[in-house]
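Read through the structure below, which is laid out as structure tokens, and then see the notes.
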Amino acid sequence: MFELESPIYFYLLALLPIIVALFLFNLFWKRKRQAVFADLELFNQLAPEKSSFKPALKLGVLLLALACIIIALVNPKMGTKMETVKRQGIDIVFAVDISKSMLAEDVAPNRLEKTKQIVSQIINQLGNDRVGIVGYAGSAYPVLPMTTDYSIAKMYLQSMNTNMVSSQGTAFNDAIQLAVDYFDVKDTSKLIVLISDGEDHGDGVDDAIEMAKEKGVRIITIGVGTEKGGPIPLRDDKGTIASYKKDQEGQTVITKLYPEVLKKIADNTKSKYIVGTTTKNVVEEIKKSLEKIEKSEFESQQIADFESQYQWFLALGFLLLLVDVFLLEKKTAWVQKLNLFNEKKHA
């Protein structure tokens with residue numbers, strides 16, 4: 001198990017082919033200049049100790065040294081040391097309404113994208129809290145189990161769409177029950193942040209609220225949309241609005257924000273209802289609410305503490321540079337005796 005601290009330094013490896021190109025250009029230029037004074041065979045007689053192989057060897061050593069120094073700058077880390085880490089925070093499950101009515105554009109860009117913005121900004125404000133995500137429409141769907149990896153949480157959040165649940169409607173009872181099941185640790189502070197337009201809720205909400213209360217779960221609700229409402233756009237493959245959703249009588253459906261049930265859920269769990277019109281205001285209200293909730297130690301786990309390994313590459317790089325300095329371009333006597341390339345000896 002390893003990680004790279006500064007992989008951006010890998011771009012410096014682009015210098016290596018440039019150095020090779022400069023070496024070849026210099027070699028070509030020298031050969032051309034030498035040809036002015038004498039041909040290659042005569043020049044070899046004039047400088048019998050000059051090796052044709054050593055310059056290339058020195059270049060190879062130099063390139064290897066530079067590569068080692070660049071890797072040292074990247075600082076590869078190995079996860080060899082283990083330590084126990086204890087975290088204090090809150091368990092938070094985001095229950096996101098993904099019914100078709102969330103495609104309405106009475107809030108920009110639409111209700112669902114607005115919801116994603118709100119949840120993403122809330123996650124950005126968290127510290128050691130665990131988060132999970134539930135999607136729901138006519139039924140609830142587990143999207144992401146409890147995690148402290150916020151980047152993964154936001155990635156799963158952005159992938160949510162209205163096609164994830166086939167049955168339409170807004171089943172708050174299923175969403176609350178599934179979210180409550182996410183809380184796998186008994187002695188933690190538990191919070192559900194439920195976001196919806198409040199439209200077309202199913203039966204059993206009261207039972208779900210009672211279950212949440214029994215397990216000490218608070219539910220903050222956020223209403224996304226306007227009470228004036230708007231139509232539900234139906235888009236083609238290119239993303240262009242082809243038409244708007246219509247009812248059985250052929251009339252365009254106007255979906256509105258219904259805050260009553262959202263306020264009821266929040267009030268019955270000693271929490272608050274927040275109007276989700278402005279992302280900044282929602283995040284500030286959530287932040288204030290989180291500050292009032294007691295944080296508890298919810299996790300004690302073994303994690304890898306990565307140790308830097310740059311020193312090995314740096315030492316090897318400087319050693320190779322030292323070898324390159326003392327590596328002369330004259331022929332090595334014992335290699336010359338081997339005559340590996342069957343070279344003719346000049347008198």
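Just so we're clear, the structure is a prediction, and the values are computed from it rather than from any experiment. Hydrogens, waters and symmetry mates are skipped; everything else that's a heavy atom, side chains included, is used.
- Atom OH of Y141 is surrounded by 12 or fewer heavy atoms from other residues, nucleotides or ligands within 6.0 Å.
- At distances below 3.5 Å, at least one donor-acceptor pair connects side-chain atoms of N268 with backbone N or O atoms of K264.
- For the residue pair S139 and D174, no side-chain donor N or O sits within less than 3.5 Å of a side-chain acceptor on the partner.
- Atom CD1 of I274 is separated from atom CD1 of I286 by 4.0 Å, given to the nearest 0.5 angstrom.
- With K246 contributing its side chain and T252 its backbone, the two residues share no donor-acceptor pair below 3.5 Å.
- Looking at S6, its side chain never comes within 3.5 Å of a backbone N or O of I8 through a donor-acceptor pair.
- A distance-only check finds no donor-acceptor pair linking the side chain of S159 to the backbone of L157 [under 3.5 Å].
- With rounding to the nearest 0.5 Å, the separation of OG in S271 from CZ in R218 is 6.0 Å.
- A donor atom on one side chain and an acceptor atom on the other are not found under 3.5 Å apart for K116 and N110.
- If you check the side chains of D149 and T147, you find no donor sitting under 3.5 Å from an acceptor.
- When the shell of 6.0 Å around CD of Q311 is examined, it contains more than 12 heavy atoms from other residues, nucleotides or ligands.
- Within a 6.0 Å sphere centred on CZ of F10, other residues, nucleotides and ligands contribute more than 12 heavy atoms.
- With D106 contributing its side chain and G225 its backbone, the two residues share no donor-acceptor pair below 3.5 Å.
- Atom NZ of K154 has more than 12 heavy atoms from other residues, nucleotides or ligands within 6.0 Å.
- Between the side chains of R111 and S196, no donor N or O sits under 3.5 Å from an acceptor N or O.
- Using modelled atom types, one side-chain atom of Y182 and one backbone atom of I133 make a donor-acceptor pair closer than 3.5 Å.
- A donor-acceptor pair under 3.5 Å links the side-chain atoms of T221 to the main chain of L262, judged by distance alone.
- Without hydrogens or angle criteria, T269 side chain to I265 main chain gives a donor-acceptor distance under 3.5 Å.
- S289 places a side-chain N or O within donor-acceptor distance of the main-chain N or O of E285, the cut-off being under 3.5 Å.
- D91 contributes atom CG, which lies 7.0 Å from atom NZ of K190 (distance to the nearest 0.5 angstrom).
- Y9 OH: 12 or fewer foreign heavy atoms inside a 6.0 Å radius.
- Cluster annotation: Y244 is not connected to I232 through the hydrophobic network of ILVMFWY side chains, with a link wherever side-chain heavy atoms come within less than 4.5 Å.
- Atoms CG and CG, on D129 and L126 in that order, are 5.0 Å from each other to the nearest 0.5 Å.
- One side chain, K114 or T279, offers a donor N or O that lies under 3.5 Å from an acceptor on the other.
- From I220, atom CD1 reaches atom CG of L290 across 6.0 Å, with rounding to the nearest 0.5 Å.
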